[in-house]
Every structure is written in structure tokens, then in C-alpha cells.
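Lettering of chains follows the sequences in order, A, B, ..., and the numbering in each one begins at 1.
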Amino acid sequence: MKNYITTPIYYVNGEAHIGHAYTTFIADTLARHSRLVGNETYFLTGTDEHGQKIEEAAKKLEKPTQQFADEISATFKNLWDEFDISYDQFIRTTDPKHMQGVQAAFEKMVAKGDIYKDFYEGNYCVSCETFFPESQLMDGGCCPDCGRATTIVKEESYFFRLSKYEQPLMDYYEAHSDFILPKSRKNEVISFVKGGLHDLSVTRTSFTWGVPVPASLNDNKHVMYVWLDALMNYVTALGYGHDEAKMGFWPANTQLVGKDILRFHAIYWPAFLMSLDLPLPKRIGAHGWWTRDGEKMSKSKGNVVDPREVAHHYGVENLRYFMMREVPFGQDGDFSQRALIDRMNSDLSNDLGNLLNRVIGMSEKYSDFSIDSVNVLKYHTKEIEDAHAILGTLETYLNDLQFHRYLEELWKVFTIGNKAIEEHAPWVKIKEGRNEEALATVALVANLLAKASVMLHGVMPKTTATIADALGFEITTQNYQELIINKKLLQLFTIKKVPPLFPRVDEPLMQEAPKAMIEEAPKAPKEEKSLKTEAPSADGLIAIDQFFQTSLKIGMVVEAEEVPKSSKLLKLQVDLGEGTLRQIVAGIREHYSAESLIGTQVCVVANLKPAKLMGMVSEGMLLAAKDSDGLSLIRPEKPRVIGSVIG
RNA sequence: GUCAGGGUAGCUCAGCUGGUUAGAGCACUGGUCUCAUAAGCCGGGGGUCGGGGGUUCGAGUCCCCCCUCUGACACCA
């Protein structure tokens with residue numbers, strides 16, 4: 001059986017963090033286990049390197065874009081190599097073969113009639129140089145900013161007929177209930193599609209760092225939209241559009257993604273594949289995010305978990321175990337040293353590591369390290385049967401991406417071992433001269449450890465190799481067959497003494513994340529709105545008089561109330577010392593309650609053209625700073641006279 | 001606001017189509033063995049199953065209302 005497993009290709013606008021490591025660990029686990037059971041396995045990961053953001057980031061550092069991409073991409077690859085990730089290919093969207101494949105796909109879509117050239121058509125206000133959606137327009141189709149009449153304006157773009165695939169997608173979700181995991185995510189996707197799919201603009205003319213549309217179109221100012229480019233990597237990696245040698249691996253068995261990019265993988269991607277007449281992947285698994293000590297990780301808080309650092313202090317495989325055991329797939333998880341240490345001590349040291357040590361100790365004392373399984377079934381059929389009952393169910397959990405359940409169940413095998421030792425107390429039997437029984441128990445536990453190690457191999461490849469070595473066997477496909485499928489026992493073997501696998505950890509080994517927030521220049525990551533034109537910015541510098549075109553004033557909030565039917569808006573009446581109050585509608589309800597604002601001073605952009613929000617006129621804007629942790633208003637340090645000019 | 005999914009022991013969660021004293025792991029605690037990494041094993045405490053009402057012989061499990069959390073979408077000059 002062929003088994004193709006993918007991670008997303010990671011965007012090279014920042015270095016790898018623990019979330020990237022998590023996805024990659026999961027994929028690696030699936031890949032390793034798949035190889036172990038004898039599947040022909042292909043594991044793909046890589047980097048996504050195109051797009052305006054990369055172009056701009058490189059420019060800022062005054063580096064050639066390609067060089068910038070090379071550097072960041074290398075940090076990912078190096079990390080995976082350090083972590084011994086068993087990928088079969090590391091693809092980069094700047095690989096010429098990938099780009100060729102994407103162009104081939106584009107041509108096929110054109111031939112299929114799924115791509116057409118058209119225009120963005122929108123209500124455009126010439127003086128504001130902005131498109132406005134219908135819903136924002138004032139009465140009579142006037143601009144919500146300046147109140148002038150808008151005109152319908154067109155801008156050239158190629159579009160993918162996503163709308164055509166609305167029904168086929170719904171049918172597919174219906175027919176394949178396991179296509180999207182976990183199920184809760186599936187509902188979200190379905191409700192999104194139900195809301196109606198618009199054709200997707202798949203080319204840009206505003207930047208050049210991307211895959212050009214095929215030469216056959218003779219339209220070289222168009223560059224492909226990053227998502228079309230990026231998603232195609234899953235098939236171009238197998239040779240789509242150039243050398244199709246590995247296309248036999250398609251469709252993928254498991255495509256892992258973060259919950260933030262599920263929509264692209266569960267809607268756009270299947271639609272693209274349908275257009276290309278390719279089968280759809282068997283399942284898309286969307287995992288959650290990681291927090292740290294209950295708080296969202298962010299650069300500004302300085303509490304981002306560096307996987308390299310954790311691995312350095314605690315070990316990569318312990319981290320892998322922790323991440324996969326701690327949190328149900330799909331849910332958000334919390335990383336804390338406490339939780340990691342608890343898992344290590346209680347699961348790894350106490351249950352597993354100590355069990356191996358018990359076997360080593362007993363075999364040393366009672367039989368000079370030699371183990372013979374001849375009498376195991378004579379005394380321990382119950383334990384062996386119970387263990388196989390558990391081992392037999394494990395693959396189901398793996399198939400459902402229920403890693404935490406998988407490990408939880410697997411651990412019961414160790415409990416069987418620990419209980420058997422207690423119950424049969426080999427040390428008592430030895431004293432009574434019942435050596436055959438005592439040695440049978442030791443052999444039983446050694447076999448349980450062997451079998452469990454085989455099933456744990458995907459999660460902890462190195463550790464299980466060490467256990468296997470201590471037990472005198474190797475973790476191979478053949479042994480998987482023998483020990484798990486055929487339920488055989490290892491026969492005669494010799495124990496090798498190894499130091500404790502998991503020394504207990506008493507104190508945190510890493511410096512704790514800073515608790516207090518450190519004020520730092522808050523970054524406001526702008527989300528890329530796919531169908532909007534990007535605001536053209538020149539060199540980014542303005543003259544002082546340009547700044548003073550903005551009238552900033554101190555105002556006092558006199559009244560504040562929540563806007564019904566909105567979760568973000570507050571309607572404020574602000575006194576700017578003008579005799580009349582200004583009505584300002586601000587999107588800060590999630591961060592400030594209405595009553596907490598009344599009587600406080602704020603900074604107001606006073607000469608903003610009025611806008612209409614949820615049907616209400618807003619005559620100004622509050623200054624606020626927002627980063628990934630929240631939003632705070634900008635206020636005068638000390639109260640000033642209402643209407644005071646800022647600047 | 002619309003839609004979806006939650007609220008069960010200190011913590012993280014199981015509890016399928018309603019049925020005897022509501023479960024697991026961790027944490028806490030009492031006991032005990034000694035092969036072992038002060039690990040293991042046995043036992044214990046602790047929950048009015050978010051609140052209220054209803055259906056039923058019987059509800060954590062079904063229905064209604066409310067509170068609250070999460071997510072998607074809308075919205076965020």
C-alpha cells in the first residue's frame with residue numbers, strides 16, 4: 001500500500017516555532033509507523049517562498065529575494081535534520097520543477113475552462129482610491145468615506161471558477177465523512193461553503209515574486225496567487241507537470257495542516273484537484289495551536305517556545321511524546337515545563353523506563369541477563385492476551401489521528417507489565433526455588449516491552465531503538481509482523497544493560513518565560529485580503545506637512561454604548577471641544593467595555609471623512625495600538641484640555 | 001448578530017441509541033513489596049454531572065428557557 005503524508009509548506013517569513021515542530025512531529029510519526037508496517041511511504045515537507053510579503057521582507061534587509069528565501073528555508077531544513085525528521089523530500093516553491101508544475105496545472109485549468117480572465121469589478125471611489133463592498137456604501141451608492149458617488153471600476157485578473165465546484169465539494173464532504181478531521185472543523189468548512197463560493201482571483205499584477213502565468217498565455221505581467229502556487233506543491237513534489245514518476249503516491253493519505261489554513265486545504269485545494277481531474281486526498285487533519293503557560297505566544301511577550309531550546313534541555317523525543325500525548329488532535333494545547341516534566345516523570349520514567357530497569361535488574365540477578373520465553377505462555381497467557389487486545393486497537397487511533405488516545409492505550413501495556421511483576425513477585429519465587437516461574441515472568445515483561453516498543457517506534461524512534469537494543473532485537477518490519485501481527489514472542493535473547501532511559505526531572509531546566517508584558521513596538525500584522533487591491537505606498541516616508549494634514553485631538557468620551565448585532569463595535573459620543581459631540585463608531589468592544597470608557601480621554605483623528613458602519617455614521621477614529629495579544633487605546637499620559645491638538 | 005460545538009472530581013478529559021451506588025489519568029493521601037529511576041502495586045478522599053423548568057417508572061444522557069466558554073462567518077475608519 002502506498003502512503004503519502006504531507007505537512008504544509010512553511011512560509012519563510014519567520015523561523016520555525018513549536019507549532020511547526022508539532023505538525024512535523026505528527027507527520028514524522030505517521031511516516032515512521034507507516035514504513036514500519038511495510039507501507040510504501042512518502043513524506044513531504046518544505047517551504048513556501050513566494051508572495052509580496054517575502055519580497056518586501058527581503059527588501060527591508062536589502063537582500064536579494066532569492067537569497068533571503070534560501071536562508072530562511074535552510075533554517076527549517078536544518079531544524080528538521082537536527083530533529084531527525086524522516087522526510088523523503090523537502091520541497092521549495094522556488095524549485096524550478098515546482099514552478100513548471102504549477103504552470104502546467106494552470107494551463108490545464110485554462111484548457112478545462114476553469115480559469116478565465118476578467119476584472120475585479122467593484123464600487124470604486126476615485127478620490128479615495130479604494131474599492132468598497134456593496135454593504136459599506138452609503139445610500140445611493142456613495143462612498144462611505146467622502147460621500148461622493150462611486151463608480152464601477154475594473155482591474156484585470158485571472159479567476160478560477162470556484163463557484164462551479166460548490167456543489168461537487170458539498171457532495172464530496174457528504175460522501176466522505178472522514179475527509180476533514182476533527183469533525184468540528186468539518187462543520188465549519190461546510191457552513192463556509194454553504195455561504196456561497198465566489199470565483200477566486202488567482203493572479204496578481206502588483207508584485208513579481210511568484211510563478212509567472214504560463215508563457216502560452218502571453219501575459220507576463222500576471223504572477224500567480226501564492227495559494228495556488230503553494231497548494232500545488234503536494235503534487236508537483238511527486239512530479240506533476242514534469243516527471244510524473246512518483247504520481248503513484250497521489251492521492252495523499254494524510255495532509256496535515258494548522259487550523260488557520262484549513263479553508264485553503266479543504267475548499268480551494270480540492271476544487272483545484274477536481275479541476276485537474278486528480279483524486280482528492282483521503283483526509284485533511286487540522287491541528288490546534290500551542291499556548292505557553294496558558295498564554296498566547298507572541299514575539300512581543302517574548303514567550304515564544306523555541307523547539308530547539310526545549311529539545312536541547314529535555315530531548316526531542318520527550319518533546320514529541322509530550323506534544324502528542326498531552327493534547328487531543330485538533331484542540332489547542334498548552335506548553336508548560338511543569339506539564340512536560342510531569343509527563344516525563346510519570347509516563348516515561350515511572351511507567352516505561354523503570355519497567356525496563358526492573359527487567360534488566362531481575363534478569364541480571366536471576367539468569368545472568370539471559371531470557372527464555374519458553375514458559376511465558378505456560379504462566380502468563382492472560383497478560384499476553386490482554387496486551388494483544390490493546391496492541392490490536394492502536395492502529396485505529398493512529399488512523400483517526402487520535403494520538404493522545406493511542407499513547408494512552410499503549411501505556412496500558414506497561415501497566416500490565418508492572419502489575420504482573422507485582423503479582424508474581426519473581427524475587428519470592430526465586431527464594432522458593434521456583435525459578436521456572438520467576439524467569440517466565442521476567443520473560444513476559446521483556447516481551448511486553450518489546451511489543452510496546454514496536455508500536456511506540458513512530459513517536460520515539462531513537463528511544464525505542466535503545467529499548468530494542470537492550471532486549472536484543474531490532475525494530476523492523478519483519479519484527480512488527482512477528483510480534484504484533486503474528487503475536488509471536490521473542491525466543492532466546494540476552495539483555496544488555498543500559499542506563500536509565502528517562503532520568504527523573506525535578507526542577508525546570510529552562511528559564512521560564514517572562515511573566516510581565518514588556519512594552520515593545522507592537523506589530524499589527526495586517527491580514528492579506530485576497531480580493532482587495534493593496535494600498536500603493538511610495539518610499540514610505542512623508543513630509544511633515546503631510547503629517548499635519550491629519551488633525552489629531554484629545555477628546556473626552558461622554559457617552560458609550562454597545563452596537564447591537566455587532567461583537568466589535570462601540571458607539572461613542574466624544575467631546576472634542578467643538579460645542580457639539582462627535583459620534584464615533586470604534587471596533588474595540590472586545591477590549592473595552594462601554595462604561596469603562598465614559599469619562600476617559602482618548603486621541604481622535606478629527607478630520608476623517610465620515611464613514612458608515614453597520615448603518616451608523618462615524619465621524620472620527622480613535623487611536624489604538626494592536627498586536628497579537630490585544631488592543632490598547634492611545635491616551636494622553638495626563639488629562640489635557642478637551643480639544644487639545646496632538647502633534 | 002448568525003451558525004456550530006462545549007460547560008462532568010483540584011487539573012485534563014471518557015461517558016454510544018436514557019436504566020443498578022457517575023468513570024480514567026495526573027495531583028493529593030493511607031498501606032505495602034523490594035526486581036526497579038523514593039519507581040511499582042493495593043486502597044482512599046473528593047463531583048447536587050453550568051442554573052432552572054419539563055417529559056419519563058427512571059436523565060449527565062431527551063425537550064424548553066437562561067447563564068457562560070470556544071470556534072467559523074459577518075463586522076472591526
Side-chain angles (χ1 to χ4, degrees), chain A residues 128 130 132-133 135-136 144-145 182-196 259-260 262-263 286 288-289 325-328 330-334 336 338-339 342-366 404-405 407-409 411-412 414-415 417-430 438 441-442 445 499-506 527 562-570 584-591 604-605 608-615 617-624 626 631:
Chain A
C128 299
T130 311
F132 293 100
S135 60
Q136 271 187 29
D145 275 359
K183 288 239 171 74
S184 50
R185 294 286 162 198
K186 177 187 164 184
N187 294 339
E188 286 172 15
V189 169
I190 289 174
S191 80
F192 185 86
V193 175
K194 258 189 201 154
K259 62 182 183 181
D260 53 324
L262 177 63
R263 188 192 305 168
W289 298 84
R325 173 65 184 82
E326 186 72 5
V327 66
Q331 309 224 323
D332 287 352
D334 185 55
S336 70
R338 193 65 261 158
D342 284 348
R343 282 278 170 220
M344 287 172 62
N345 285 343
S346 114
D347 296 357
L348 297 176
S349 304
N350 295 354
D351 294 342
L352 199 184
N354 187 47
L355 185 61
L356 178 65
N357 246 25
R358 299 177 87 174
V359 170
I360 292 173
M362 287 189 282
S363 72
E364 178 176 18
K365 288 182 181 154
Y366 308 150
H404 75 298
R405 292 279 287 123
L407 290 168
E408 188 181 358
E409 288 299 310
W411 244 247
K412 290 181 180 169
F414 301 130
T415 299
N418 273 317
K419 282 189 179 173
I421 295 177
E422 217 57 46
E423 198 181 317
H424 297 275
W427 49 94
V428 174
K429 301 273 168 66
I430 290 286
T441 303
V442 179
V445 178
L501 296 173
F502 311 101
R504 286 183 62 88
V505 178
D506 293 318
E527 295 210 8
E562 293 171 353
V563 175
K565 293 185 72 173
S566 160
S567 55
K568 298 202 176 177
L569 298 181
L570 289 180
I584 295 178
V585 180
I588 56 173
R589 177 165 162 188
E590 287 174 321
H591 306 94
V604 178
V605 181
L608 207 57
K609 286 159 188 164
K612 202 168 163 188
L613 288 163
M614 301 285 285
V617 178
S618 181
E619 307 164 298
M621 174 176 123
L622 301 190
L623 294 188
K626 186 179 179 185
L631 173 146

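Among B/U37, B/C41, B/A72, the nucleotide with an atom closest to any side-chain atom of A/Lys419 is B/C41. You'll find that the side chain of A/Ile421 is closest to B/C35, out of B/C35, B/G71, B/A27. Listed nucleotides B/A36, B/G71, B/C35 differ in distance to A/Asn357; the shortest reach to its side chain belongs to B/A36.
For A/Glu422 and B/G40, a side-chain-to-base donor-acceptor distance below 3.5 Å is present, hydrogens and geometry of angles not being considered. Interface remark: the A/Asn354 side chain does form a donor-acceptor pair with the B/A36 base, using a distance-only criterion of under 3.5 Å.
Between A/Ile190 and A/Lys194 there is a side-chain heavy-atom pair separated by less than 4.5 Å. Within the 4.5 Å cutoff, no side-chain heavy atoms of A/Asp332 are placed close to those of A/Val327. Side-chain contact check for A/Met362 versus A/Ile430: every heavy-atom pair is 4.5 Å or farther apart.
Figure legend. B/G30 is base-paired to B/C42; pairs are counted as Watson-Crick or G-U wobble with both atom distances under 3.5 Å. In this structure, B/C3 forms a base pair with B/G71, meeting either the Watson-Crick or the G-U wobble geometry with both donor-acceptor distances under 3.5 Å. Of all nucleotides present, none satisfies the Watson-Crick or G-U wobble test against B/U48 with each distance under 3.5 Å. Nucleotide B/U61: unpaired (no Watson-Crick or G-U wobble partner with both distances less than 3.5 Å).
What separates CG of A/Asn187 from P of B/A4 is a distance of 9 Å, to the nearest Å. As rounded to whole Å, 10 Å separates atom P of B/A27 from atom CZ of A/Arg338. The separation between A/Asn350 atom CG and B/U34 atom P is 20 Å, rounded to whole Å. Taking atom CG on A/Asn345 and atom C1' on B/A38, their separation rounds to 12 Å, with Å as the unit. For the pair A/Lys259 NZ and B/G5 P, the computed distance is 18 Å after rounding to whole Å. The NZ atom of A/Lys183 sits 12 Å away from the P atom of B/G6 (whole-angstrom rounding). Following rounding to the nearest Å, A/Leu348 (CG) and B/G25 (C1') show an atom-to-atom distance of 14 Å. Rounded to a whole Å, the CZ atom of A/Arg343 is 7 Å from the C1' atom of B/C26.
Straight-line distance between the C1' atoms of B/U70 and B/U56: roughly 33 Å, to the nearest whole Å. Taking atom P on both B/G23 and B/G30, the two are 24 Å apart, rounded to the nearest angstrom. Spacing of C1' atoms, B/G47 relative to B/G5, comes out at 23 Å, to the nearest Å. Comparing the same atom, C1', in B/A27 and in B/C13 gives a spacing of 15 Å after rounding to whole Å. The separation of B/C69 from B/A24, taken at their P atoms, amounts to 31 Å, rounded to a whole angstrom. One C1' atom belongs to B/G60, the other to B/A22, and the distance between them is 8 Å to the nearest Å. A gap of 16 Å separates the P atoms of B/A74 and B/C3, to the nearest Å. Across B/U20 and B/G10, the matching P atoms stand 24 Å from one another, rounded to whole Å.
Using a 4.0 Å heavy-atom cutoff across all strands shown, A/Ser191 reaches no nucleic acid atom at all. Residue-level contact check: A/Tyr366 touches the backbone only, with heavy atoms under 4.0 Å from sugar-phosphate atoms and none from bases. Here A/Pro426 lies out of heavy-atom contact (under 4.0 Å) with every strand. Within the 4.0 angstrom heavy-atom criterion, base atoms lie near A/Gly353. A/Glu409 comes within contact range of no nucleotide atom at all, as no heavy-atom separation falls under 4.0 Å. Across all strands, A/Ile190 comes closer than 4.0 Å to no nucleic acid atom at all (heavy-atom distances).
For B/A39, one of the phosphate oxygens OP1 or OP2 lies less than 4.0 angstrom from a side-chain nitrogen or oxygen of A/Arg504. Between A/Lys194 and B/A72 there is no side-chain N or O to OP1 or OP2 distance below 4.0 Å. Here A/Gln331 reaches the OP1 or OP2 of B/C13: one of its side-chain N or O atoms lies under 4.0 Å away.
Taking 4.0 Å as the cut-off between side-chain N and carboxylate O, A/Glu422 and A/Lys419 do not count as a salt-bridged pair.
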Passes side-chain contact (heavy atoms from CB on, under 4.5 Å), A/Asp347 versus A/Arg325? Steps please.
CA-CA 10 Å; A/Asp347 296 357; A/Arg325 173 65 184 82; 4.0 Å; yes
Going through the distances and angles, do A/Asn418 and A/Arg358 end up as a side-chain contact (heavy atoms from CB on, under 4.5 Å)?
CA-CA 9 Å; A/Asn418 273 317; A/Arg358 299 177 87 174; 2.7 Å; yes
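Partner of A/Glu326 under the side-chain contact (heavy atoms from CB on, under 4.5 Å) criterion, chosen from A/Gln331, A/His404, A/Arg343: A/Arg343.
In terms of position on RNA chain B, the residue among A/Phe414 and A/Met362 whose nearest nucleotide sits closer to the 5' end is A/Met362. The nearest heavy atom of RNA chain B to A/Lys365 and to A/Met621 marks one nucleotide each, and the one closer to the 5' end goes with A/Lys365.
At most 12 non-hydrogen atoms from other residues, nucleotides or ligands lie less than 6.0 angstrom from CH2 of A/Trp289.
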